[in-house]
Amino acid sequence: MFGIRCSLLNINMKNILISLTAILLSLHCMAQDQLAFPFQGGKDVMTSFFKDSLAVSPDIIQKRATGVVIFKFTADEKGNITKLVIYYADDAILIPPIIDAIKKSNHKWVIPDHEKFHDFILQFVVSFNPPESPVKGLQKAVYDYNRRRKPMVTSNQVPLNEATLLPTVMVGYDIVE
């Protein structure tokens with residue numbers, strides 16, 4: 001009789017432990033879901049902000065420059081950008097207008113409550129909008145650009161810590177003849 005009570009007690013204890021574990025796990029998962037998007041207004045507002053704030057330079061348009069630029073930046077608890085690092089750029093010519101746009105985003109970043117600083121990784125894809133009809137010399141200009149571009153790459157490891165990867169910002173520009 002005593003053996004039956006012990007085994008019933010063990011079964012009840014196992015059920016209680018499994019239930020407690022499930023409850024704690026669900027609370028942890030709920031805490032993950034409550035993290036707000038780190039740009040005031042959300043993802044769509046961030047994408048629109050950067051598309052509107054990024055002024056593609058005449059030099060980029062003339063050279064038919066295209067490519068990817070990846071930044072890591074740090075925002076403080078007031079939304080200020082305190083540090084900006086270029087992780088990769090297909091060409092150095094793409095960097096200045098993107099830096100200017102990122103600087104305009106000061107005070108728009110929201111970091112988790114328990115942090116004083118937070119790192120974000122943001123990538124931009126810059127390309128021209130293909131014209132409706134063929135543009136004379138476009139193929140040669142694209143070839144010349146790709147032959148002469150100067151990629152910016154890291155030569156060593158890049159610690160990411162607890163950075164948040166943000167959605168890619170796609171920037172297109174029109175070719176003007």
Side-chain angles (χ1 to χ4, degrees), residues 35-112 115 117-177:
L35 186 61
F37 193 81
F39 193 86
Q40 292 176 10
K43 177 179 97 61
D44 295 334
V45 172
M46 181 194 82
T47 302
S48 295
F49 173 83
F50 282 115
K51 283 184 177 184
D52 295 342
S53 298
L54 201 146
V56 178
S57 70
D59 200 24
I60 290 173
I61 295 170
Q62 182 215 358
K63 292 181 179 173
R64 309 301 196 240
T66 61
V68 175
V69 181
I70 302 172
F71 288 95
K72 177 180 140 183
F73 64 92
T74 303
D76 66 14
E77 56 199 350
K78 294 179 181 171
N80 297 318
I81 295 173
T82 59
K83 184 171 45 172
L84 185 63
V85 178
I86 302 164
Y87 274 177
Y88 175 80
D90 276 329
D91 193 354
I93 195 173
L94 301 171
I95 296 171
I98 296 174
I99 288 176
D100 291 341
I102 290 175
K103 286 180 180 178
K104 291 176 188 174
S105 73
N106 236 1
H107 305 292
K108 295 189 181 298
W109 298 99
V110 180
I111 66 171
E115 297 181 22
F117 298 96
H118 192 81
D119 292 334
F120 297 99
I121 299 171
L122 182 58
Q123 60 185 346
F124 290 81
V125 175
V126 179
S127 62
F128 57 82
N129 300 319
E132 292 294 322
S133 58
V135 174
K136 186 176 181 179
L138 178 60
Q139 190 174 15
K140 182 180 180 333
V142 170
Y143 172 77
D144 288 344
Y145 166 73
N146 280 300
R147 201 180 63 180
R148 292 187 179 114
R149 70 188 179 100
K150 297 177 183 93
M152 308 265 309
V153 296
T154 57
S155 60
N156 204 344
Q157 66 186 6
V158 178
L160 298 179
N161 301 336
E162 292 186 23
T164 300
L165 178 63
L166 298 170
T168 301
V169 176
M170 307 289 286
V171 178
Y173 61 88
D174 294 322
I175 297 173
V176 180
E177 283 298 313

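Computed from heavy atoms alone, side chains included, the values below leave out hydrogens, waters and symmetry copies. Just so it is clear, the structure is predicted and the values come from calculations on it, not from any experiment.
Phe71 pairs in a side-chain contact (heavy atoms from CB on, under 4.5 Å) with only one of the listed residues (Leu166, Ile99, Ile81, Ile121), which is Ile99.
Taking each heavy atom of Pro167 and Met46 in turn, the nearest pair found is O-CE, 3.8 Å. Between Phe120 and Pro38, the closest heavy-atom pair is CE2-CB, 3.2 Å. Taking each heavy atom of Thr66 and Ser127 in turn, the nearest pair found is CG2-CA, 3.7 Å. In terms of heavy-atom proximity, Ala55 sits nearest to Pro97 at O-CB, 3.3 Å. Residues Lys108 and Phe49 come closest through the heavy atom pair CE-CE1, 3.4 Å. Met170 and Lys51 get closest at one heavy-atom pair: O-CE, 2.9 Å.
Two residues are said to be in side-chain contact when any heavy atoms from C-beta on lie closer than 4.5 Å; Thr74 and Asp119 meet this criterion. A heavy-atom distance below 4.5 Å is found between the side chains of Leu54 and Phe124. No side-chain heavy atom of Ile111 sits under 4.5 Å from any side-chain heavy atom of Phe117. Residues Phe50 and Ile98 have side chains not in contact (no heavy-atom distance under 4.5 Å, counting atoms from C-beta outward). Using a 4.5 Å cut-off on side-chain heavy atoms (C-beta onward), Asn80 and His107 make contact.
For residues 82-91, the set of pairs meeting the salt bridge (charged side-chain N to carboxylate O under 4.0 Å, His left out) definition, not counting sequence neighbours, comprises Asp90-Arg149.
With rounding to the nearest 0.5 angstrom, the CG atom of Leu122 is 5.5 Å from the CD1 atom of Ile102. A distance of 7.0 Å separates CZ of Arg64 from OH of Tyr173, quoted to the nearest 0.5 Å. Note that CG of Leu138 is 4.5 Å distant from CD1 of Ile175, once rounded to the nearest 0.5 Å.
Between the Ser57 side chain and the Ile60 main chain, a donor and an acceptor come within less than 3.5 Å of each other. A donor-acceptor pair is defined here as one N or O able to donate and one able to accept, closer than 3.5 Å; no such pair exists between the side chain of Tyr88 and the backbone of Val68. At distances below 3.5 Å, not a single donor-acceptor pair connects side-chain atoms of Ser48 with backbone N or O atoms of Val45.
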Next on the checklist: Under the criterion side-chain contact (heavy atoms from CB on, under 4.5 Å), I'd like the reasoning laid out for Asp76 against Trp109: C-alpha separation, chi angles, the key distance, then a yes or no.
Outcome noted: CA-CA 8 Å; Asp76 66 14; Trp109 298 99; over 6 Å; no
Next on the checklist: If you apply the rule salt bridge (charged side-chain N to carboxylate O under 4.0 Å, His left out), what do you find for Asp100 with Lys104, and how did you get there?
Outcome noted: CA-CA 6 Å; Asp100 291 341; Lys104 291 176 188 174; over 6 Å; no
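Around CD of Gln139, the count of heavy atoms belonging to other residues, nucleotides or ligands within 6.0 Å does not exceed 12.
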